[in-house]
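Everything on this sheet refers to the single structure shown next.
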Amino acid sequence: MRTTVGIIGAGPAGLLLARLLHRAGIDCVVLESRDREYVERRQRAGILEQGTVDALRACGAGARLGREGLVHHGIELRFEGRRHRVDFPSATGGRSVTVYAQTEMVKDLIALQLDEDGPPLLFGARALAVEKPDSAAPEIRFHHEGRERTLVCAVVAGCDGFHGIARRAVPADRVRTFERDHPYSWLGVLADVPPSCEELIYARHPRGFALHSMRSPRVSRLYLQVPNGTDPAAWPHERIWDELSLRLGVDPDADGGGSWTLERGPITAVSVTPMRSFVQEPMRHGSLFLAGDAAHIVPPTGAKGLNLAVSDVLTLARALIHHHRTGSTELLDGYSATCLRRVWQAERFSSFLTDTLHPRPDQSPFEGRLQVARLDRIATSATASAELAENYVGLPLS
Ligand code: RFL
Ligand code: PHB
């Protein structure tokens with residue numbers, strides 16, 4: 001098999017790249033190790049930056065998103081029983097974010113690719129290795145329908161996520177990795193109950209972080225900070241609701257406190273996700289380009305992972321299209337540096353929010369007070385609040 005761009009992975013990065021290249025008349029093939037049902041059901045992110053929404057609209061994947069996506073103009077911070085709302089439009093020249101599940105975005109992109117005669121998308125096709133990545137004809141060795149095959153390409157796009165194989169094709173002496181593990185995980189639950197809030201709530205509590213998000217007007221998505229290695233079975237549903245109520249709770253006498261209750265309902269899914277910060281530099285090796293989680297991971301607190309995958313892919317598609325039309329490699333040569341600037345801004349912001357909202361198991365009382373002081377600063381300074389808002393809605397695409 002031969003193609004111009006061989007794409008490994010049908011997550012948001014690989015699917016959007018395929019869509020953008022196909023529309024520009026560049027051939028590609030997408031290899032995905034899982035089956036369609038699995039890819040469409042995997043519960044992941046929920047917050048799209050304005051730039052991500054604009055990109056999906058521009059490539060024709062914005063119809064259902066426009067109907068079903070919930071536009072949010074702010075978030076609420078809770079700490080010490082207090083409530084503080086961060087307003088986005090007033091701090092960012094009118095920008096906002098959209099709540100739309102990653103799974104829905106993936107379904108929309110798959111449907112477009114299959115229904116509109118898009119480029120080949122092979123499910124159950126597991127890439128085993130990228131051979132000759134630094135040559136002009138790199139190859140992807142993959143396993144599909146019981147046999148091993150080879151896809152010969154001009155360019156390979158490694159969009160295969162954090163556990164993929166593309167990143168490992170770069171020789172060890174050509175890369176640097178930067179990593180930080182966090183001493184806690186998130187227990188995530190999906191519940192068939194209308195959200196008890198209109199906007200997302202991020203809470204810092206001495207017992208740990210909690211987040212109230214949503215998937216639709218009828219489905220809530222909630223998270224609790226838990227120790228690494230937590231077994232979801234140790235969290236019966238009543239215990240989950242009790243802990244969420246406690247951590248998200250408000251004090252009627254505190255600033256903005258008032259009264260608030262968390263509505264409970266049937267929990268339909270529980271999972272535990274470790275928190276990780278990771279970057280591999282550079283994001284290109286010869287004809288192999290890494291995009292999305294294949295190159296970097298941020299802890300989910302800043303809601304940046306999916307949005308970074310999208311911004312990488314926009315940069316890569318633009319560079320490939322420019323090369324296809326003009327023969328110039330200028331944008332391809334700048335790909336890694338352009339992406340990494342934005343990646344490190346997202347790492348910085350995600351680390352800041354993570355460190356501010358999660359009490360570490362070994363932290364000193366002094367550090368606890370600093371977390372509260374940082375949140376108090378956001379609640380009382382328009383400048384500090386605007387800094388959070390600007391980063392949350394997404395820094396401009398360069
Ligand atoms: P993905 O989505 O992991 O897709 C990679 C695809 O590659 C396939 N694959 C292979 N295919 C062929 N051969 C191989 N050898 C392969 N190895 C892997 C996989 O099956 C998969 O289909 O990476 P991509 O496209 O880079 O997208 C990244 C995002 O999925 C990720 O950054 C976000 O989900 C992170 N994230 C969030 N991001 C946000 O922007 N906003 C959020 O609100 C947000 N919340 C979250 C999150 C991630 C979470 N978890 C589960 C880590 C909340 C959570 C709980
Ligand atoms: C989600 O809805 O899954 C979500 C929202 C905000 C985050 C992380 C996850 O920061």
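Along the sequence shown, residues are numbered consecutively beginning with 1. All values below come from the heavy atoms of this structure, side chains included, with hydrogens, waters and symmetry mates left out. Whatever order the structure lists them in is the order used to number ligands and atoms, beginning at 1.
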Is there a path of hydrophobic side-chain contacts, each under 4.5 Å between heavy atoms of I, L, V, M, F, W or Y residues, that connects M105 with L70?
->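 No, it is not one cluster - the side chains of M105 and L70 are not joined through contacts under 4.5 Å.
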Considering the heavy atoms of [X], write down every atom of ligand 1 situated less than 4.0 Å from one of them.
{"X": "R42", "answer": "19 (C), 20 (O), 21 (C), 22 (O)"}
{"X": "R44", "answer": "1 (P), 2 (O), 3 (O), 30 (O), 34 (O), 51 (C)"}
{"X": "G305", "answer": "32 (O), 35 (C), 38 (N), 39 (C), 40 (O)"}
{"X": "Q102", "answer": "2 (O), 29 (C), 30 (O), 33 (C), 34 (O)"}
{"X": "A13", "answer": "25 (O), 26 (O)"}
{"X": "T273", "answer": "50 (N), 51 (C), 52 (C), 55 (C)"}

For ligand 2, find out whether one of its N or O atoms is nearer than 3.5 Å to an N or O atom of S213.
->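 For ligand 2, there is an N or O atom that lies under 3.5 Å from one belonging to S213.
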State whether the shortest distance between N or O atoms of T301 and N or O atoms of ligand 2 falls below 3.5 angstrom.
->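 Min N/O separation from ligand 2 is below 3.5 Å for T301.
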Has [X] got any heavy atom lying under 4.0 angstrom from an atom of ligand 1?
{"X": "G46", "value": "yes"}
{"X": "Y223", "value": "yes"}
{"X": "A125", "value": "yes"}

Could you verify whether a donor N or O on one side chain and an acceptor N or O on the other, from R342 and Q345, lie under 3.5 Å apart?
->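 Per modelled atom types, R342 and Q345 side chains form no pair under 3.5 Å.
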Does a side chain donor of either S351 or D355 reach within less than 3.5 Å of an acceptor in the other side chain?
->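 No - no donor-acceptor pair under 3.5 Å links their side chains.
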Under a heavy-atom criterion of less than 4.0 Å, does Q43 contact ligand 2?
->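 Judged by the 4.0 Å heavy-atom criterion, Q43 does not count as contacting ligand 2.
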Non-hydrogen atom of L211 closer than 4.0 Å to ligand 2 |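 Checking ligand 2 against L211, which is what was asked, there is a heavy-atom contact under 4.0 Å.
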Among L262, L190, I240, side-chain contact (heavy atoms from CB on, under 4.5 Å) partner for L222 =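 When side-chain contact (heavy atoms from CB on, under 4.5 Å) is applied between L222 and each of L262, L190, I240, only L262 qualifies.
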Using 4.0 Å as the upper bound for N to carboxylate O, is an ion pair formed by E238 and R264?
->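 Yes.
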Among G124, S33, G14, A309, which one has a heavy atom closest to atom 12 (C) of ligand 1?
->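 Shortest heavy-atom distance from atom 12 (C) of ligand 1: S33.
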Options A45, A10, A101, G394, ranked by nearest heavy atom to atom 37 (C) of ligand 1, top entry |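 Going through A45, A10, A101, G394 one by one, A45 has the nearest heavy atom to atom 37 (C) of ligand 1.
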Positive for salt bridge (Lys or Arg N to Asp or Glu O under 4.0 Å) with E367, one of R374, R204, R360 =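 Of the listed options, the one satisfying the test is R360.
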Is ligand 1 under 4.0 Å from a heavy atom in the side chain of C159, in the backbone, in both, or in neither?
->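 C159 to ligand 1: backbone contact only, side chain stays beyond 4.0 Å.
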Parallel, tilted or perpendicular for Y202 and F209, by the 30°/60° rule?
->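 Ring orientation, 0 to 90° scale: tilted.
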Can you tell me if [X] has over 12 outside heavy atoms packed within less than 6.0 Å of its [atom1]?
{"X": "D231", "atom1": "CG", "answer": "yes"}
{"X": "R348", "atom1": "CZ", "answer": "yes"}
{"X": "R341", "atom1": "CZ", "answer": "no"}
{"X": "R42", "atom1": "CZ", "answer": "yes"}

Atoms of ligand 2, numbered as shown, that sit under 4.0 Å from any heavy atom of I47 =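 Here the atoms of ligand 2 in question are 5 (C), 6 (C).
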